[in-house]
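First the structure, in the form of structure tokens, and then the observations on it.
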Amino acid sequence: MSSSSVSSYRDRTSEFRSLSERLKKVEGIDARIGPGSDREMSTASEAFARSEFNKKASRIGLGIHETCQKISRLAKLAKRSSMFDDPVMEIQELTALIKNDITALNAAVSDMQTLQNLEVADGNCSKDRVVHATTICDDLKNKLMGTTKQFKDVLTTRTENLKAHENRRQIFSTNTSRENTFLHQSEAVTEPPPWSNTVNASGNFPPSVMPSNGVQNSNILRRRLAVDSTPTHHMEVSMLQQVAPRQENYTQSRSVALQNVESTISELGGIFTQLASMVAQQGELAIRIDDNMDESLVNVEGARGALLKHLTKISSNRWLLIKIFAILILFLLVFVMFVL
Amino acid sequence: MKITALLVLKCIESSGSDPIVLANASDVSQFGYFQRTGAKEFILFVGRTVAKRTPPGQRQSVQNEEYKVHSYNRNGLCALAFMDDHYPVRSAFSLLNKVLDEYQKNFGDSWRTVQTDSTQPWPYLNDALTKFQDPAEADKLLKIQRDLDETKIILHKTIDSVLARGEKLDSLVEKSSDLSAASQMFYKQAKKTNQCCTIL
């Protein structure tokens with residue numbers, strides 16, 4: 001957003017200069033010679049001061065643009081943060097960096113404002129230049145406010161995310177470990193309060209950042225912040241004994257175990273679906289076997305019928321033969337009797 | 001993976017005074033007969049020290065030679081467990097949670113008024129000591145994980161047997177198709193012999 005507005009400034013000073021020279025030529029030639037050289041010199045010196053102002057403005061604009069990019073990166077990080085592998089350190093580093101940038105930019109803008117006021121009070125500059133400088137200042141200030149608003153939004157989304165994670169943790173852990181997770185959160189939250197305090201101190205930002213953190217801290221957490229943030233930082237060194245890792249490992253190990261259980265369950269689900277598909281395929285095979293068996297049954301029955309018919313034919317043929325031979329013999333006898 | 005002792009103590013906020021033992025269950029059968037009382041005393045002493053140094057609302061694990069002492073202090077009521085290194089830490093803390101819940105259910109808030117060590121044994125603690133020798137009992141997550149792993153193994157075996165069944169079905173398909181082809185030839189032959197010997 002800021003980049004496009006930076007590039008939308010077109011430098012038309014050369015056009016302006018050529019136009020003014022032409023107008024001067026039109027109005028009067030002698031009017032040019034006298035104050036011309038002075039004007040050139042003063043324009044040169046004014047150009048220096050102006051370019052100083054412009055340099056500052058351009059630097060501030062560049063800074064705002066970079067901060068915008070960082071804020072967008074932070075927003076991406078805050079959105080994608082899952083419950084278990086929070087890039088807490090990265091987010092906090094980035095937050096601190098952005099905050100520093102914003103405060104520096106604020107200071108630079110106020111610097112530029114004072115410089116411009118000095119210039120205005122100093123010499124007789126043209127009204128246009130004053131208007132131009134004031135518009136630049138106002139524009140930069142507006143851009144800065146826009147970026148800080150974005151930053152605030154990102155922070156609120158981040159705290160909402162953290163709250164949602166807290167709620168999920170509460171659902172899955174018992175009473176005592178809830179206190180424990182609050183303690184765990186107190187480790188992370190003792191870092192945000194320092195920067196949120198300085199954010200309030202810079203004055204531009206409404207104190208809405210603090211309440212969003214305050215919503216996240218419950219009463220228990222506030223009490224524990226007072227009581228426990230210091231003890232958790234003291235590592236007791238007892239006489240004979242060597243202290244094992246801190247209690248954050250408890251919640252971390254629980255979360256790791258939960259992740260394992262979750263992945264195992266999903267694996268099991270996959271295995272079940274695989275099993276189902278394999279059994280369905282084998283069901284098809286069984287149907288094929290069934291069909292083949294039916295076909296062979298039909299064939300065998302047909303062949304049996306044919307063979308039976310053949311058998312009957314053969315067996316009945318004997319009868320027929322006997323009958324035919326008997327008739328032939330009868331005819332032969334008749335013929336023999338005729339001849340005789 | 002052995003639990004040697006379970007203790008419940010009352011911790012006073014001011015860290016000057018020693019915590020007061022509310023319940024004690026220990027299994028010192030692994031030591032020789034003459035060392036048992038010494039071991040019990042040692043357990044009490046170490047327990048008191050660790051409980052004194054555990055701030056309220058905090059869990060702590062301390063390593064002592066070959067034993068680990070896990071302690072959990074909740075609002076002044078502290079539970080300790082002495083176990084060896086193999087016992088998973090997470091199960092230990094869930095066990096301590098359970099013990100504390102049970103104690104509060106049984107005794108309510110009466111423990112706050114106790115000023116001296118109580119010597120009556122608490123049967124739940126003794127039962128817990130024997131029951132929770134296996135960390136899976138204490139930690140539901142561990143039990144679930146174990147069950148899921150067993151189920152996974154069973155499913156793998158099932159899939160293997162299903163694959164074998166698939167192979168057998170394949171061979172059955174082949175045999176049945178051969179059978180049907182053979183029966184078809186048989187039928188044709190029978191029809192042929194039937195046709196040719198009609199005159200005879």
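Because the structure is a prediction, the values reported are computed rather than measured. Chain letters run A, B, ... following the sequence lines, proteins first, then strands; residues in each count from 1.
Annotation: Lys175(B), atom NZ; neighbour count of heavy atoms from other residues, nucleotides and ligands within 6.0 Å does not exceed 12. Remark: Arg304(A) CZ is loosely packed, at most 12 non-hydrogen atoms of other residues, nucleotides or ligands lying under 6.0 Å away.
What you find for Gly166(B) and Leu285(A) is that their closest heavy atoms are O-CD1, 4.2 Å. Nearest approach of Ala303(A) to Ala190(B), heavy atoms of both residues: O-CB, 3.8 Å.
Rounded to the nearest 0.5 angstrom, Ser176(B) OG and Arg288(A) CZ are separated by 8.0 Å. Atom OG of Ser183(B) sits about 11.0 Å away from atom CD of Glu301(A), to the nearest 0.5 Å. The NZ atom of Lys191(B) sits 15.0 Å away from the NE2 atom of His310(A) when rounded to the nearest 0.5 Å. Here the CG atom belonging to Leu258(A) is positioned 10.0 Å from the CD atom belonging to Gln145(B), to the nearest 0.5 angstrom. The structure places CD of Glu174(B) at 10.5 Å from CD1 of Ile289(A), a figure rounded to the nearest 0.5 Å. If you take CG on Leu172(B) and CE on Met293(A), they are separated by 9.0 Å, rounding to the nearest 0.5 Å.
Side chains of Leu148(B) and Val261(A) form a contact here, defined as non-hydrogen atoms less than 4.5 Å apart. Residues Leu307(A) and Tyr187(B) are not in side-chain contact: their nearest non-hydrogen atoms beyond the backbone lie 4.5 Å or more apart.
Heavy-atom distances place both the backbone and the side chain of Ile159(B) under 4.5 Å from chain A. For a residue to count as touching a neighbouring chain, one of its non-hydrogen atoms must lie under 4.5 Å from one of that chain's; by this rule Leu142(B) does not touch chain A. For His70(B), no part lies near chain A; criterion is any non-hydrogen pair under 4.5 Å.
Sorted by first then second residue, the salt bridge (charged side-chain N to carboxylate O under 4.0 Å, His left out) pairs that include residues 267-281 of chain A, not counting sequence neighbours, are Glu267(A)-Lys152(B).
With Gln282(A) contributing its side chain and Val162(B) its backbone, the two residues share a donor-acceptor pair below 3.5 Å.
Using a 4.5 Å cut-off between non-hydrogen atoms, the part of residues 270-281 of chain A that approaches chain B consists of Ile271(A), Phe272(A), Gln274(A), Leu275(A), Met278(A), Val279(A).
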